[in-house]
Enquirer: 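First the structure, which I've put down as structure tokens, then a few questions once you've had a look.
Numbering of ligands and ligand atoms starts at 1, following listing order.
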Amino acid sequence: MSKLIVANWKMNGSINKVKEDLSNYVQDLATNRHNVVFALPYIYLPIAAPLLGSGNLKLASQDVSVEPGYGAYTGEVSSVMLKEFNIEYAIVGHSERRMIFGEDGYLLVRKIENLLANNITPIFCLGEAQEIRDGGRYLDFIVGQLELLLQIKQFKNLVIAYEPIWSIGTGLVPNNAQIVQVLNAIKAFVQSYLVYDKIELLYGGSVSGKNAFNILSEPVIDGVLVGGASLKVDDFSAICRFGQ
Ligand code: PGA
């Protein structure tokens with residue numbers, strides 16, 4: 001079964017690393033059956049685009065402007081600009097953007113609308129903090145985060161990544177039953193309330209070459225969003241070889 005494997009480089013990389021790593025992946029993953037998406041810093045996307053060709057290795061941005069099109073918005077990059085480089089996905093609502101840059105629901109909805117208007121698939125991230133998990137009401141919290149999506153009338157493709165904040169960059173990974181419980185709740189919500197052509201549900205948080213196969217073996221988990229381990233070619237290639 002084909003999965004969606006997303007590398008989130010965050011604010012890491014260099015021109016050389018982009019060229020070397022992606023050339024490596026193009027060779028190494030030539031016959032790979034999964035869709036592999038590299039979410040790179042904006043400035044590296046135009047370097048990466050010609051390296052990847054038209055196979056199942058694709059590009060994502062890690063964010064997008066809340067403003068559509070063009071205009072006097074210093075420092076912003078719009079979905080129209082991403083489309084020019086054939087960027088197919090964009091991460092929206094990563095917990096680092098919500099917490100460090102104060103992004104709220106209003107911004108996230110507008111970002112998703114802009115992406116959809118340009119046929120770019122949003123990778124919408126959500127997940128609870130440790131206190132919320134400990135308090136036991138994490139499913140209610142996650143449904144609350146999903147309710148934002150009710151403001152959008154129709155999706156073509158949508159990717160939702162469950163990324164518990166307590167697991168990002170910590171080495172703590174929920175067990176499969178915990179991940180499946182949350183993804184089933186997300187699935188029930190989207191099936192009841194959203195209109196879409198295709199939806200894929202990912203898990204993210206301390207995914208590595210060591211634990212990815214176990215996580216990906218669950219049918220409800222359509223893929224993984226990989227942070228730290230996506231910077232290590234051996235580790236990430238290993239993840240991409242799931243099922244082969
Ligand atoms: P991590 O990050 O794999 O380093 O935990 C995942 C993410 O933040 O998307």
Side-chain angles (χ1 to χ4, degrees), residues 3-14 17-18 21 25 34-42 44-45 48 57-64 87-103 108 111-112 115 120-130 132-133 138 141-142 145-146 158-176 178-179 182-183 186 200-218 221-242:
K3 302 276 185 178
L4 176 61
I5 301 173
V6 184
N8 177 12
W9 279 22
K10 309 191 181 187
M11 197 173 74
N12 292 296
S14 64
K17 183 170 173 63
V18 170
D21 287 15
Y25 291 128
H34 306 299
N35 282 313
V36 179
V37 176
F38 296 93
L40 306 181
Y42 285 132
Y44 297 136
L45 292 171
L57 305 186
K58 308 206 165 134
L59 289 175
S61 60
Q62 297 173 8
D63 191 21
V64 65
I87 307 306
E88 293 185 51
Y89 297 83
I91 297 175
V92 177
H94 191 281
S95 60
E96 286 151 15
R97 296 223 54 93
R98 293 180 195 248
M99 292 187 312
I100 305 170
F101 303 101
E103 294 195 358
L108 301 183
K111 288 181 179 200
I112 293 173
L115 292 170
I120 298 172
T121 301
I123 302 174
F124 179 64
C125 299
L126 45 70
E128 79 286 358
Q130 184 75 62
I132 296 172
R133 162 106 358 209
Y138 52 93
F141 177 82
I142 286 159
Q145 288 186 311
L146 283 169
L158 173 65
V159 179
I160 299 179
Y162 169 52
E163 297 210 304
I165 295 169
W166 48 273
S167 148
I168 294 176
T170 58
L172 295 172
V173 182
N175 62 40
N176 282 16
Q178 289 173 311
I179 300 173
V182 173
L183 292 197
I186 294 174
E200 286 165 293
L201 306 181
L202 312 186
Y203 168 75
S206 295
V207 175
S208 70
K210 292 203 174 70
N211 59 30
F213 287 6
N214 176 42
I215 295 169
L216 287 167
S217 67
E218 298 288 347
I221 304 179
D222 297 314
V224 283
L225 179 45
V226 187
S230 75
L231 294 165
K232 299 176 213 141
V233 177
D234 290 351
D235 235 13
F236 191 67
S237 290
I239 297 170
C240 294
R241 280 196 286 271
F242 169 70

Enquirer: Looking at ligand 1, is there an atom of it that comes within less than 4.0 Å of some heavy atom belonging to G205?
Expert: yes
Enquirer: Among protein heavy atoms, which sits nearest to atom 4 (O) of ligand 1, and what does the distance come to when rounded to 0.1 Å?
Expert: G228 N, 2.8 Å
Enquirer: Provide the number and element of each atom of ligand 1 under 4.0 Å from a heavy atom of H94.
Expert: 7 (C), 8 (O), 9 (O)
Enquirer: Just heavy atoms, cut-off under 4.0 Å: does I168 contact ligand 1 by side chain, backbone, both, or neither?
Expert: both
Enquirer: Suppose I only count heavy atoms of L225 and a 4.0 Å limit; which atoms of ligand 1 are within that range?
Expert: 9 (O)
Enquirer: Do H94 and E163 have side-chain atoms, one donor and one acceptor, less than 3.5 Å apart?
Expert: yes
Enquirer: Could you grab the distance from atom CD1 of I5 to atom CG of L225, nearest 0.5 Å is fine?
Expert: 11.5 Å
Enquirer: Would K10 count as a polar contact of ligand 1, with the cut-off being nitrogen or oxygen pairs under 3.5 Å?
Expert: yes
Enquirer: Would you mind finding which of G127, G169, G227 brings a heavy atom closest to atom 5 (O) of ligand 1?
Expert: G169
Enquirer: Among L59, V37, V64, whose side-chain contact (heavy atoms from CB on, under 4.5 Å) with I87 holds?
Expert: L59
Enquirer: Check whether the side chains of Y138 and Q130 place a donor and an acceptor atom closer than 3.5 Å, and report yes or no.
Expert: no
Enquirer: Which ligand 1 atoms, with their elements, are less than 4.0 angstrom from a heavy-atom of N8?
Expert: 9 (O)
Enquirer: If only atom types and distance count, is the side chain of K3 paired as donor or acceptor with the main-chain N or O of L202 below 3.5 Å?
Expert: no
Enquirer: Ring centres under 6.0 Å, that's the criterion: do F38 and Y44 meet it?
Expert: no
Enquirer: So which protein heavy atom does atom 9 (O) of ligand 1 come closest to, and at what separation?
Expert: E163 OE2, 2.8 Å
Enquirer: Hey, are the side chains of V159 and F124 touching, using non-hydrogen atoms and a 4.5 Å cut-off?
Expert: no
